[in-house]
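Written below as structure tokens is the structure these notes are about.
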Amino acid sequence: MPTEVDRHQVQELLAKGAQLVDVMGASEWDESHIAGAVHVPLKELSELAAERLDAGRPVITYCYDSL
Amino acid sequence: MSPRAAWRLESLGFDEVYDYVGSKMDWIGEGLPFEGALVDRPRLGTLADPGVPTCKLDDAVSQVRPRLGQWPLSLVVTGASRVVLGLVRAENLGGDGDRPVAEVMQEGPSTYRPHVTAEEMSGKLKDSRARWVVVTTLSGQLVGVVQPEKIHEAAEAARA
């Protein structure tokens, strides 16, 4: 079960080598994304996850906001 | 959207998966680093003057007056985290100098986040009589203040 985390926990996980994944579409990604994030849109997750992410490291997903 | 992605990643064999509940708006709203087209546009965070005078709730009015200098206002902030609680205008600092700032401040002024672009803010200010825009992080920490005129100018320049 994925664990919900806040901003502070995200920073701690990143410092330990976690991967941050932006799952929004291309236009939202182009407009702005968190520095250092990897772009893997939700709609292409199945096909791109193995290519762009390391399954051996923690992964943090994010989108636009909490809604 | 991100919770669904997190669940899907687990089903794809990722063992340690987290979901950042606040997501991008929480991060950017806190003034943390981001990339993309928005970075190059004038934003409140880059336009705001961080040098605005500040005071505490229990400071005496007589203590605050000399801090203003050329500023027509002071922001009431609390503790080391500099969370904005109120605003004191110079015209409210007359009279009894022993009164605490808490008695003369305007509580809960409107605040805006650092990532808001000048173009967006200029539109919001169209019918406003605000003389200052107070910029804080999402958690309320003071970034600075900016005059509407400066926002309108930056918006015009961005559109040109």
Side-chain angles (χ1 to χ4, degrees), chain A, chain B residues 1-47 80-81 83 112-121 123 136-141 143 158-159:
Chain A
M1 179 180 171
T3 306
E4 293 187 348
V5 287
D6 63 19
R7 185 192 324 124
H8 305 291
Q9 292 166 307
V10 168
Q11 290 171 307
E12 288 170 11
L13 286 163
L14 290 176
K16 292 175 186 168
Q19 308 159 92
L20 192 56
V21 184
D22 186 314
V23 300
M24 302 292 288
S27 60
E28 290 91 350
W29 166 266
D30 290 343
E31 174 78 7
S32 62
H33 52 268
I34 295 176
V38 177
H39 188 210
V40 187
L42 178 61
K43 289 181 178 174
E44 299 167 77
L45 199 62
S46 303
E47 55 186 288
L48 294 178
E51 178 188 316
R52 298 189 182 175
L53 300 172
D54 178 355
R57 289 162 52 202
V59 179
I60 311 162
T61 59
Y62 77 86
C63 51
Y64 184 77
D65 59 20
S66 58
L67 299 178
Chain B
M1 184 182 274
S2 62
R4 285 187 284 151
W7 278 101
R8 184 68 182 118
L9 283 171
E10 273 204 346
S11 73
L12 291 169
F14 287 76
D15 291 330
E16 193 174 346
V17 183
Y18 301 89
D19 176 37
Y20 177 15
V21 179
S23 282
K24 184 168 73 175
M25 284 300 100
D26 175 67
W27 186 273
I28 293 179
E30 199 59 26
L32 293 168
F34 66 96
E35 300 164 341
L38 186 63
V39 171
D40 296 326
R41 286 157 53 191
R43 288 169 283 121
L44 294 185
T46 53
L47 295 171
S81 58
V83 170
Y112 297 87
R113 305 293 81 76
H115 68 279
V116 176
T117 64
E119 292 152 278
E120 184 184 348
M121 194 67 219
T136 70
T137 64
L138 201 61
S139 48
Q141 290 175 296
V143 173
R159 288 189 203 106

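Letters A, B, ... are given to chains in the order of the sequence lines, protein chains preceding strands, and every chain is numbered from 1. Note that the coordinates shown come from a computational prediction; the quantities given were computed from them, not determined experimentally.
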### Message
Between Leu42(A) and chain B, with a heavy-atom cut-off of 4.5 Å, which part of the residue counts as in contact: side chain, backbone, both or neither?
### Response
side chain

### Summary
Of His115(B), Glu35(B), Met25(B), the largest count of non-hydrogen pairs under 4.5 angstrom with chain A goes to Glu35(B)

#### Entry: Smallest separation among heavy atoms of Arg7(A) and Leu32(B), with atom names
CD-CD1, 3.5 Å

### Task
Please round to the nearest 0.5 Å and tell me the distance separating atom OG of Ser23(B) and atom CD1 of Ile60(A).
11.0 Å

### Task
Please report the closest heavy-atom contact between Thr61(A) and Ala6(B), naming both atoms and the distance.
OG1-CB, 3.6 Å

### Query
Could you state the interatomic distance from OG1 (Thr3(A)) to CD (Glu10(B)), rounded to the nearest 0.5 Å?
7.5 Å

## Note on the structure
Nearest heavy-atom contact between Ala5(B) and Leu45(A) is O-CD2, 3.5 Å

### Summary
Counting heavy-atom pairs under 4.5 Å with chain A, the top scorer among Phe34(B), Tyr18(B), Trp27(B) is Tyr18(B)

### Query
Atom CD in Gln19(A), atom CD in Glu16(B): separation rounded to 0.5 Å?
10.5 Å

### Message
Taking side chain as everything from C-beta outward and backbone as N, CA, C, O, which of these in Val5(A) sits under 4.5 Å from a heavy atom of chain B? Side chain, backbone, both or neither.
### Response
both

### Message
Please give me the minimum heavy-atom distance between Leu12(B) and Ser46(A), naming the atom from each residue.
### Response
CD1-CA, 4.0 Å

### Task
Apply side chain to side chain contact (heavy atoms under 4.5 Å, CB included) to the pair Ile34(A) and Tyr20(B), showing each step before the final yes or no.
CA-CA 12 Å; Ile34(A) 295 176; Tyr20(B) 177 15; 4.0 Å; yes

## Note on the structure
Assert top hit (heavy-atom pairs under 4.5 Å, partner chain B, pool Arg57(A), Glu4(A), His33(A), Met1(A)) equals His33(A)

### Summary
Rounded to the nearest 0.5 Å, the CD atom of Glu30(B) sits from the NE2 atom of His8(A) at a distance of 7.0 Å

#### Entry: Straight-line distance of Leu53(A) CG to Phe14(B) CZ, nearest 0.5 Å
4.5 Å

### Message
Given heavy-atom pairs under 4.5 angstrom as the criterion, report whether the side chain, backbone, both or neither of Gln9(A) touches chain B.
### Response
neither

